[in-house]
Each structure stands twice: as C-alpha cells, then as structure tokens.
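Worksheet for the structure shown next.
So you know, we letter chains A, B, ... as the sequences are listed, proteins then strands, and number each from 1. All values below were derived from every heavy atom in this structure, side-chain atoms included, with hydrogens, water molecules and symmetry-related copies excluded.
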Amino acid sequence: MRIYNTLMKKEEEFKPLKGNKVGIYFCGMTVQDSPHIGHLRAFLSGDILRRYLEYRGFEVTYILNFTDIDDKIIKKSWEEGVDWREIAQRYEKEYFEVEKSMNIKPASFYPRATQHIEEILNLVLKLEEKKFAYNVEGNVWYDVSKFKHYGKLSGKSIDELVEGARIEPDPTKKDPLDFSLWKKAKKKEPYFYSPFGKGRPGWHIECSAMSMKYLGETVDIHGGGQDLIFPHHENEIAQSEAATGKPFVRYWFHNGPVNLRGEKMSKSTGLFFRVLDVLKEYSPNVLKYFLLKSHYRSPLEYSRELVENAKSAWERIDNFINKGEIREIEIKNPETKEYIKKFEEYMDDDLNTPRVFALIFDLVKRGNLYYEKGDEKFLEIKSIVLLMLRILGFTDFERKIESKIVGDLLDIIIEIRQKLREEKRFDLSDKIRNDLKNLGIIIEDKKDKTSYKFV
RNA sequence: GGCGGCGUGGCCGAGUGGCUCAGGCAGCGGUUUGCAAAACCGCUUACCUCGGUUCGAUUCCGGGCGCCGCCUCCA
C-alpha cells in the first residue's frame, strides 16, 4: 500500500523495516482537557491505518502515549486546587471512554511520560554528552544550531524561524529556537529528581524516549495531527537523531485539522465539541462515517448541519445492513470478489475512504435491488458491505433489541396491528405506529412483513 | 511577513488531459404502498479567474483573486 509521507512530501510504497512487523507510534493527548472532535479524527486516522495494515497481514505494534505532565496540567491543578495527577487521570479516563465508544482498537501499550523519567533522563544525558544540549542552572536546552537537518520535516529553515519568532525567549536560552529537554521546577511545581536538579521533562522529549523504548531507535510510522509537525515532531527528530545517529522515523503520518467556522468554538454558544457530548446525540457509527467520508489529510469542517447530513447518509447504509437475514455468508462469487479488490485498491491509495464509501453505496444500491427481487445475491452483497465496514472499525450493526422481552412484546404489538390493518382499522394501526415512533421505534410495513428498528 | 495546502454542481465530497464529468445529502417527478417509511427508476445544477502548453484542460505550467493550516501549547 502507499501512504503519504510528510517527510518526503509525497505518497510512498509502504515497506516495514523488519519483515511484516510494523511499529507505529501515535502521538496521543496531553491529558489536560476532554478529548474533542479534532483529537478523535487523529485517533481514528491512526486506527484506520492500523486496522488496514493488519488486514493486509502486517503484525502491528501500536503505541499511543499520554503526556501526563505539562504546564497546563499544573496550572489547571492549581486552579481547581487538586493534585496534578488527578487532572491527568481524569482526562485519561475520558480518552478511554471515547476509545471504547468509538470502537478504536486498543493500543499495544499506553506509555505515560511520568512513568519514563529514567529513559527520558538517559536520553538527555546522552544529548548533553554529545554536546547537543547545555545546562543552564538546572534548565537543559537542546542546541538547535548543532543539528544540521533541523527543519527537514516542516520545511522550515532556521533563518526563517528566527525572523518569525513571536514569543519572548527564555533568558537562559542561547538561542530563541532552542527548546527545553529538562525544565527546572519553580516553587510549588511538581518535580522529579535528576542529575540536573529537581524538575520535569521538556515538551517533546517524552515521545522520543518512549518511541525508542517500545519500538526501537528507528520506527516505521510515527503519526499525529498536522499541527504537531512543527515544532513537536521536528524537535523529536532533532533529539532522537542527534542521540542515535540513526533515522528516527521512516514514514511520518499526519491527519488534517477539524475546523469550526461560522460559529465560535465555545461551550456558551452550545456548539458541542467534546466527543462525549456529540455521542449523546449521534451514534458512534454516524460520527465515524462523518469523519471518514472525507480523506484523512483534508481539512474537515465541523458543524451540526454536516453531521446531520452524515446521519442521513449513514441511515441508508444502516437500513441496508439491517435488512433480511442477519446471517453472513462466505464470498465465493468471482464477480463479488472484484468489489473486494476495488476496496483494497482504494485503501491502498493512501486510505481513500471517500472512494470506499462510494463503493459501499453502489453495493447498497445493488443489494437493495437483489433484496427486492428476493435474489440470493443479496446476502453476499450484504456480507461484503459488513466486511468492509468492520475493517474500517464500524460496529454494533445488529438490531438493537434492548432485551428479549422488548422484542417479544413488539412481536405481539405488530401482530395485533397487522390484524387491525387487515380489518382496515387504519386509525388504530396508525396510532400504534405513531405512539411507537414517539418511543423511538420505527415501524415499517413491507410487502410481506412488518419490521421495526430503534432510533 | 515566511512555509505549506486548497478553490468541483444548493450543500458535502472523490477523481481524471478527451469516452454519460464517482458517491452521499437536499430538491423535483414517477413506481410501490391503505397511508407513512423504506426501496427502486428518472431529472435538475460543476470543475474561482486570466493567460500559456496541447488537436483538446476542470485535470499540466504561470499570474491574479479568495480561503485555510502552521510559524506559540495544540490531534
């Protein structure tokens, strides 16, 4: 398969370093606030990449980190008057709720920065030893001028960056571009002991240390949002390659941003932005479809209207997969197998999920026709659609019957209503349908039988 | 100001040097149906602008206009 490599600025054929084993390090959250749709898009992009590689037969080790100590976490803990660890754990927990609801495949490991202080310190010491770092009164800085390739990922040159510098440089830095490897603790700040004194890790070093620990000095794929390209990923390269002398990452994978225009992004305007809030109103499959109907690298506009649109579209797929028998069958027909080839062709092309959905909608149309005609091929088409949807991580397709007794009751109600319809007592049969609709149960009369679904 | 990207029909969104120019949503007209829903059939609206290359460009190249991201923590 081909994936777009930010480092090369083009699509490249993906080949792992070692056989069919693939290491992926994906930049997770700084656990300072609730996961929002932008985070979700990133995690979902990583999830699709991982699932598809696994489908293609690769053995994937997937690392998702948590940065669980940083300035904002500390600030928030002061504001709330609680321990900083409580903040980190709160949002980490929310991440896991999102992961579970959205059926994002759990990572192989979830390393936390604070659990890798030793690895981080070893890396900093190594950089200091190699003269890529300098210590000023307990603050250890990375000396950007020492790293020849600085800027190779983001396409920036050191000169430009100096001109464009917009923040007040820390007085202990030699150069405004230098970044922190180890940050000296100010009074009241949490700290860890180190050879440099009490302090905490800098802003980028944890990813370098943890990526190398779990996946080796050179990793196949390192991913995250495009907003991490600079400075986060650029600095990771500088640190890691200076320390090891080896390439840090072979393929850089970055997803596009989620934008909010028109309305201001704030809780007061009622614009839901937290994933857990959105999930109160829309199903995980609708949200997933919304995010995957655009290519992962394109910017994505988020609005209620657009999600509503996605909801209608998803219902078309959902209606189809809830038709007929629940049974799935093996795909034997060569004609049908061609569709799987198409699916692979599109996914191989840098995960072109929009084309995959075009294919799925074609199949839904064909499948519906077969269904109407009572053709056996219906089940085969449905099975392929389910196969593709599962590879993309959609889930929970089965009719949602809250319990057996609800199902049994509905069967009785529908039977009675059927009698009423036969007696042409439509006022009553329509009342039943309306009342059930108000409960969130949709009754649909088909030629031969009546079906129901929950909304 | 610098770097990068984008501009497709009412909306979203793929793609391609020419062959009906994906797909979804919305709209309209049918079929079906007691009605509704679902489904099927049909229809309507494209490729920002100006040049260039070409037999031919929405697709390649250049200018312009507009939009976005990054340049500061950020998925």
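To the nearest whole angstrom, the two P atoms, one in B:G24 and one in B:A38, are 15 Å apart. Nucleotides B:G18 and B:C70 are separated by 39 Å at their C1' atoms, to the nearest Å. If you take atom C1' in B:C65 and the same atom in B:C55, they sit 31 Å apart, rounded to whole Å. If you take atom P in B:G66 and the same atom in B:G56, they sit 32 Å apart, rounded to whole Å. The gap from the C1' atom of B:G4 to that of B:C43 amounts to 42 Å, rounded to the nearest Å. B:G17 sits 23 Å from B:G63 when the P atoms are compared, rounded to a whole Å. Separating the C1' atom of B:U59 from that of B:G52 is a span of 15 Å, rounded to the nearest Å. The P atoms of B:G15 and B:C73 are separated by 33 Å, rounded to the nearest whole Å.
Between A:Glu301 atom CD and B:C12 atom C1' the separation is 11 Å, expressed in whole Å. In this entry the distance linking CZ of A:Phe273 with P of B:C74 reads 16 Å, nearest Å. For the pair A:His254 NE2 and B:C74 C1', the interatomic distance rounds to 13 Å; values are reported in whole Å. Following rounding to the nearest Å, A:Ile73 (CD1) and B:C73 (C1') show an atom-to-atom distance of 11 Å. Atom pair A:Arg433:CZ and B:A38:C1' shows a separation of 12 Å (rounding to whole Å applied). Taking atom CZ of A:Phe26 as the reference point, atom P of B:C74 lies 14 Å away to the nearest angstrom. Remark: C1' of B:C25 and CZ of A:Arg304 are 16 Å apart, rounded to the nearest angstrom. Look at CD1 on A:Ile87: it is 21 Å from P on B:C73, rounded to the nearest Å.
Residue-level contact check: A:Asp362 touches the backbone only, with heavy atoms under 4.0 Å from sugar-phosphate atoms and none from bases. Among the protein residues, A:Gln226 comes within range of no part of the nucleic acid, since none of its heavy atoms lies under 4.0 Å from any strand. A:Lys365 comes within 4.0 angstrom of the backbone, heavy atoms only, and of no base. Heavy atoms of A:Gly46 sit nowhere under 4.0 angstrom from any nucleic acid atom. Using a 4.0 Å heavy-atom criterion, one finds that A:Ser45 contacts no nucleic acid atom at all. Nucleic acid contact class of A:Ile443 (heavy atoms, under 4.0 Å, all strands): base.
A salt bridge is absent between A:Asp349 and A:Arg355: the closest approach of a Lys/Arg side-chain nitrogen to an acidic carboxylate oxygen does not fall below 4.0 angstrom.
A residue-by-residue look at A:Ala313 and A:Gly155 shows that A:Gly155 has its nearest nucleotide of RNA chain B further toward the 5' end. Residues A:Ser294 and A:His204 each lie close to RNA chain B; by heavy-atom proximity, the contact nearer the 5' end of the strand is made by A:Ser294.
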(request) Evaluate ring pair (Phe, Tyr, Trp, His ring centres under 6.0 Å) for A:Tyr289 paired with A:Phe357, printing each intermediate quantity in order. (result) CA-CA 9 Å; A:Tyr289 171 75; A:Phe357 281 110; 4.8 Å; yes

(request) Show your reasoning for whether ring pair (Phe, Tyr, Trp, His ring centres under 6.0 Å) applies to A:His295 and A:Tyr4. (result) CA-CA 12 Å; A:His295 186 86; A:Tyr4 184 87; 9.0 Å; no

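Interface remark: the A:Asn259 side chain does not form any donor-acceptor pair with the B:G69 base, using a distance-only criterion of under 3.5 Å. For A:Lys156 against B:C71, a side-chain-to-base donor-acceptor contact under 3.5 Å is absent.
The number of heavy atoms from other shown groups lying within 6.0 Å of OH (A:Tyr370) is above 12. Other residues, nucleotides and ligands place no more than 12 heavy atoms under 6.0 Å from the CZ atom of A:Phe109.
Checking B:A75, B:G13, B:G34 against every side-chain atom of A:His39, the shortest atom distance belongs to B:A75. Checking B:A39, B:A38, B:A75 against the side-chain heavy atoms of A:Asp227 singles out B:A75 as nearest.
A side-chain donor-acceptor contact under 3.5 Å links A:Asp47 to the backbone of A:Lys105.
Between A:Phe361 and B:G24, no base-stacking contact is recorded for ring centres under 5.5 Å apart and planes less than 30° from parallel.
Ring pair A:Phe290/A:Tyr302: centre-to-centre distance below 6.0 Å.
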